[in-house]
Amino acid sequence: RKFYYITLLRDPVSRYLSEWRHVQRGATWKTSLHMCDGRTPTPEELPSCYEGTDWSGCTLQEFMDCPYNLANNRQVRMLADLSLVGCYNMSFIPENKRAQILLESAKKNLKDMAFFGLTEFQRKTQYLFERTFNLKFIRPFMQYNSTRAGGVEVDNDTIRRIEELNDLDMQLYDYAKDLFQQRYQYKRQLERMEQRIKNREERLLHRSNEALPKEETEEQGRLPTEDYMSHIIEKW
C-alpha cells in the first residue's frame with residue numbers, strides 16, 4: 001500500500017489556549033503511550049503535571065507553569081523524529097541543540113507530506129486538498145473563528161509568555177504559512193494554465209469545424225442507408 005501523510009496546523013497561541021480549555025474540562029492523554037525507539041518514556045523522563053485522575057479546573061497560569069507540559073511546542077514534537085534527540089531523555093543532548101534538531105526535522109517532514117492545511121485558511125486548505133488528490137468535497141469548508149480559544153481573553157503579557165513556551169511551534173508555523181502559500185499559488189497557476197490550454201483547444205476545434213466544406217459536414221452527419229446496413233448484416 002502507498003500511504004499519504006497529511007496534517008493540519010493551527011496558530012500556536014490559539015492551539016495552546018484551546019488545549020488548556022480542553023484539559024480544564026477534564027481531558028487527559030493517559031492512553032497515549034508516547035512510543036519512541038520501541039519503548040515508552042519513564043516517569044522520570046516524562047513527569048506528570050498533576051496528581052489525581054485529571055487536571056480539570058487548572059488555571060491558565062498553572063497550565064503554563066508546568067515545565068513538563070506536552071502542550072508546549074506540541075506541533076513540532078508530533079511532526080519531528082524524536083529518535084534524533086534521544087526521545088524523551090532530556091539529558092541526551094544540550095537543550096538548544098535538541099530544539100534546533102526537532103525544528104529542522106519537523107520542517108522536513110512537513111515539506112515531505114503530500115498535503116497539509118492551515119485551520120486559519122479553510123477555503124485554501126480545501127482547494128489544495130482537492131487539487132492534490134483530484135477529489136471534490138460535497139460542500140465548501142466553513143471558516144469558524146469564534147472558537148473556544150477565541151473566547152479566552154488574555155493580556156499581551158500572557159500572549160508573549162505563550163509564544164515563548166511555544167517558540168518552536170511559532171517558527172514552524174511561520175515556515176508552514178510560507179510553504180502553504182507557495183503550494184497554493186503553484187496550484188492556482190497550474191489551474192490557470194490548464195484552463196488556457198483547454199480554451200485554446202476548444203477554439204481550434206471550433207475553427208476547424210467552421211473551415212470544413214458544407215458537403216463534408218453533411219456527410220459526417222449522414223446515417224448509413226438501409227441497403228448498406230443490410231449488406232453488413234448479411235456479411236456477419
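On a predicted model such as this, the values are computed, not experimentally measured, just so you know.
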Under a 4.5 Å cut-off applied to non-hydrogen side-chain atoms, are Gln75 and Pro12 in contact? yes
Hey, are the side chains of Leu46 and His34 touching, using non-hydrogen atoms and a 4.5 Å cut-off? yes
Sequence-distant partners of Thr158, side chain to side chain donor-acceptor pair (under 3.5 Å), two or more places apart: Asp155
Applying side chain to side chain donor-acceptor pair (under 3.5 Å), can you list everything that pairs with Arg131, at least two apart in sequence or on another chain? Glu194
Electrostatic pair Glu164-Arg161, nearest N-O below 4.0 angstrom: yes
Test item: Ile6 and Phe133 side chains (from C-beta on) under 4.5 Å apart, heavy atoms: yes
Less than 4.5 Å apart, any side-chain heavy atom of Asp11 and any of Thr119? no
Suppose the criterion is disulfide bond (SG atoms under 2.5 Å apart): which pairs have a residue in residues 8-37, not counting sequence neighbours? Cys36-Cys87
Would you say Tyr68 and Ser48 make side-chain contact, with heavy atoms under 4.5 Å? no
For a side chain to side chain contact (heavy atoms under 4.5 Å, CB included) with Val76, tell me which candidate from Asn166, Leu168, Leu110 qualifies. Leu168
Can you find a heavy atom in the side chain of Leu118 that is under 4.5 Å from one in the side chain of Leu8? no
For Tyr127, run the side chain to side chain donor-acceptor pair (under 3.5 Å) check against Gln122, Lys187, Glu191 and tell me which one passes. Glu191
Verdict with reasoning, Trp55 to Thr28, per side-chain contact (heavy atoms from CB on, under 4.5 Å): CA-CA 8 Å; Trp55 205 8; Thr28 67; over 6 Å; no
Minimal non-hydrogen separation, Leu165 against Tyr16, with atom names: CD1-OH, 3.7 Å
Residue pair Glu130 / Gln126, side-chain donor-acceptor N/O under 3.5 Å: yes
Check for me whether the distance between the ring centres of Phe115 and Tyr5 falls short of 6.0 Å. no
Residues in side chain to side chain contact (heavy atoms under 4.5 Å, CB included) contact with Thr31, at least two apart in sequence or another chain: none
For a quick check under 3.5 Å, do Asn199 and Gln195 share a side-chain donor-acceptor pair by atom type? yes
Is there a side-chain contact between Leu135 and Phe129 in this structure, where contact means two heavy atoms from C-beta onward sitting under 4.5 Å apart? yes
Test item: Asp169 and Arg77 side chains (from C-beta on) under 4.5 Å apart, heavy atoms: no
How about Phe121 and Tyr184: are their ring centroids closer than 6.0 Å? no
Does atom CZ of Phe137 have more than 12 heavy-atom neighbours from other groups under 6.0 Å away? yes
For residues 171-181, tabulate all N or O donor-acceptor pairs below 3.5 Å that involve a side-chain atom, not counting sequence neighbours.
residue	atom	partner	partner atom	Å
Gln171	NE2	Asp167	OD2	2.9
Tyr173	OH	Glu120	OE1	2.5
Asp178	OD2	Gln182	NE2	2.8
Gln181	OE1	Lys124	NZ	3.4

Considering residues at least two apart in sequence or located in another chain, which fulfil the salt bridge (charged side-chain N to carboxylate O under 4.0 Å, His left out) criterion with Arg74? Glu19
Please report the shortest heavy-atom distance between Trp20 and Cys58, naming the atom on each side. NE1-O, 3.1 Å
